[in-house]
Amino acid sequence: MKIDLRKAYDVVNWEICGALTGYRFPKSSIPLVITCVSSPYFTIKVNGEGHGIFAGKRGLRQGDPMSPLLFVLVMEYLSRVLKCMGDVPNFNFHSMCKHLKLTHLIFADDLMILCRGDAGSVTRVMEALTHFSEVTGLVANVEKSNLFVPGIDDGTQGQLLEITGFTLGQLPIRYLGLPLSSKKWTRVDCQQLMMKITNQTNTRYSKLLSYDARIQVVTAVLFSIHSFWWSVFILPKSILMEVDKICKNYIWGSNEEKRKVLLVAWRKFVVQKSSEG
């Protein structure tokens with residue numbers, strides 16, 4: 001299940017700060033945190049001028065340096081709830097996650113829950129989410145949440161959709177900026193990576209940079225994009241060679257209209273960091 005939390009920062013229940021005691025925060029710091037959370041005042045701007053002041057009732061102030069930390073504590077509560085759910089007898093782990101006893105993945109408010117595709121396991125998941133919603137005020141956005149059920153008959157699939165109320169999702173999907181698929185990536189599937197790298201080199205500003213600046217773009221931007229994908233997927237060898245080609249052509253200023261002679265062999269330019277590369 002890929003779950004979207006509705007207005008994650010705006011609807012957090014302030015009473016979740018009581019969980020700080022369970023997290024064993026120092027008793028002297030808990031009142032300070034609660035004061036920071038419960039003391040904001042807001043005004044409404046009409047034609048650029050503020051009118052009226054009213055106190056907030058719930059939520060966390062986006063942009064406040066403390067908001068991300070508080071939100072992590074809220075999601076930590078969900079992690080503990082889902083971990084306890086894994087100990088319930090009639091909950092079954094996903095077949096690929098049983099060894100690790102993995103039930104979920106969370107990055108900020110991007111939430112994925114993994115379990116076996118049976119009514120008992122999915123019901124336990126929904127009970128955990130309902131409890132989390134009652135305590136924190138965060139509710140799953142049914143319209144934007146998806147259920148992925150490959151290899152399950154239509155009858156069971158309909159039953160699971162009825163239990164969750166989510167819509168049926170189709171792979172590939174995007175998670176943390178990466179397309180996720182159940183199959184090995186082919187050259188066609190990697191076109192998004194190639195477009196990302198090509199777009200960085202085709203801007204008017206990037207074409208006017210010096211050699212040194214282009215080297216910095218390659219090492220700091222293009223290779224980081226490539227490494228991010230490579231850390232998740234096994235990329236085809238032809239894609240790796242194409243990325244190298246794009247990078248070296250960009251450094252020397254070559255393009256489809258104008259070809260330039262490479263002044264240094266690429267194998268000498270790209271060396272391991274252990275060799276001071």
Side-chain angles (χ1 to χ4, degrees), residues 1-13 15-20 22-24 60 67-152 156-157 159-183 228 231-233:
M1 306 175 207
K2 186 175 186 297
I3 298 174
D4 179 81
L5 297 177
R6 180 178 294 146
K7 297 182 179 180
Y9 274 87
D10 298 335
V11 297
V12 173
N13 191 336
E15 294 180 1
I16 190 63
C17 289
L20 298 178
Y23 295 149
R24 297 183 180 179
L60 303 175
S67 291
L69 302 177
L70 292 173
F71 191 74
V72 167
L73 296 179
V74 174
M75 300 309 289
E76 170 65 18
Y77 184 82
L78 175 60
S79 292
R80 298 191 182 194
V81 171
L82 294 175
K83 184 178 180 181
C84 293
M85 175 195 68
D87 297 329
V88 177
N90 60 343
F91 174 83
N92 297 299
F93 291 95
H94 189 282
S95 58
M96 302 295 291
C97 306
K98 188 174 182 179
H99 179 69
L100 297 175
K101 293 186 176 182
L102 180 66
T103 58
H104 63 285
L105 299 171
I106 298 179
F107 186 84
D109 59 342
D110 287 327
L111 170 63
M112 296 185 72
I113 299 182
L114 313 166
C115 69
R116 185 188 294 176
D118 58 66
S121 300
V122 174
T123 300
R124 299 290 84 78
V125 170
M126 298 309 297
E127 289 175 352
L129 291 176
T130 300
H131 170 74
F132 175 71
S133 299
E134 293 173 349
V135 174
T136 64
L138 295 180
V139 181
N141 190 338
V142 178
E143 292 78 12
K144 295 183 179 180
S145 298
N146 301 111
L147 181 70
F148 299 88
V149 286
I152 294 179
T156 304
Q157 176 178 299
Q159 184 183 12
L160 299 183
L161 290 173
E162 184 178 354
I163 293 173
T164 59
F166 300 158
T167 57
L168 183 64
Q170 299 292 335
L171 295 174
I173 60 172
R174 296 192 69 81
Y175 182 71
L176 305 183
L178 291 175
L180 301 184
S181 175
S182 59
K183 301 178 181 178
F228 182 48
S231 64
V232 179
F233 306 118

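Throughout, residue positions are numbered sequentially from 1 according to the sequence presented.
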Which donor-acceptor pairs under 3.5 Å do side chains of residues 97-105 form with protein atoms, sequence neighbours excluded?
from, atom 1, to, atom 2, distance (Å)
His104, NE2, Ser79, OG, 3.2

Could you go through residues 112-120 and list every donor-acceptor pair under 3.5 Å that involves a side-chain atom there, pairing it with any protein atom two or more places apart or in another chain?
from, atom 1, to, atom 2, distance (Å)
Asp118, OD1, Gly120, N, 3.3
Asp118, OD1, Ser121, N, 2.7
Asp118, OD1, Ser121, OG, 2.9
Asp118, OD2, Asn92, ND2, 3.2
Asp118, OD2, Ser121, OG, 3.3

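Atom CG of residue Asp4 and atom CZ of residue Arg6 lie 9.0 Å apart, to the nearest 0.5 angstrom. To the nearest 0.5 Å, the span separating CD1 on Ile163 from CG on Leu147 amounts to 9.5 Å. Expressed to the nearest 0.5 Å, how far CG of Leu138 lies from CG of Leu111 amounts to 10.5 Å. Considering CG of Leu160 and CE of Met1, their distance stands at 7.5 Å, rounded to 0.5 Å. A distance of 9.0 Å separates CG in Leu5 from CG in Asp110, rounded to the nearest 0.5 Å.
In terms of the side chain to side chain contact (heavy atoms under 4.5 Å, CB included) criterion, residue partners of Ser133 (sequence neighbours excluded) are, by chain and number, Val139. For Asn146, the side chain to side chain contact (heavy atoms under 4.5 Å, CB included) partners are Phe148, Thr167, not counting sequence neighbours. Remark: Asn90 engages Val88, Arg124 in a side chain to side chain contact (heavy atoms under 4.5 Å, CB included) (not counting sequence neighbours). Residues that satisfy the side chain to side chain contact (heavy atoms under 4.5 Å, CB included) test with Val81, not counting sequence neighbours, are Tyr77, Ala128, His131. Not counting sequence neighbours, Glu134 has no partner by the salt bridge (Lys or Arg N to Asp or Glu O under 4.0 Å) test. Judged as a ring pair (Phe, Tyr, Trp, His ring centres under 6.0 Å), and not counting sequence neighbours, Phe132 has no contacts. Every residue was checked against the side-chain hydrogen bond (donor to acceptor under 3.5 Å, both in side chains) condition with Thr123, not counting sequence neighbours, and none meets it.
Closest non-hydrogen pair, Phe166 versus Ile3, comes out as CE1-CG1, 4.1 Å.
For Glu143, the CD atom is densely surrounded, since the number of other residues' heavy atoms within 6.0 Å is greater than 12.
Screening residues 74-86 for salt bridge (charged side-chain N to carboxylate O under 4.0 Å, His left out) gives Glu76-Arg80 as the qualifying pairs, with residues at least two apart or on separate chains.
Between Phe91 and Leu82 the shortest side-chain heavy-atom distance does not fall below 4.5 Å.
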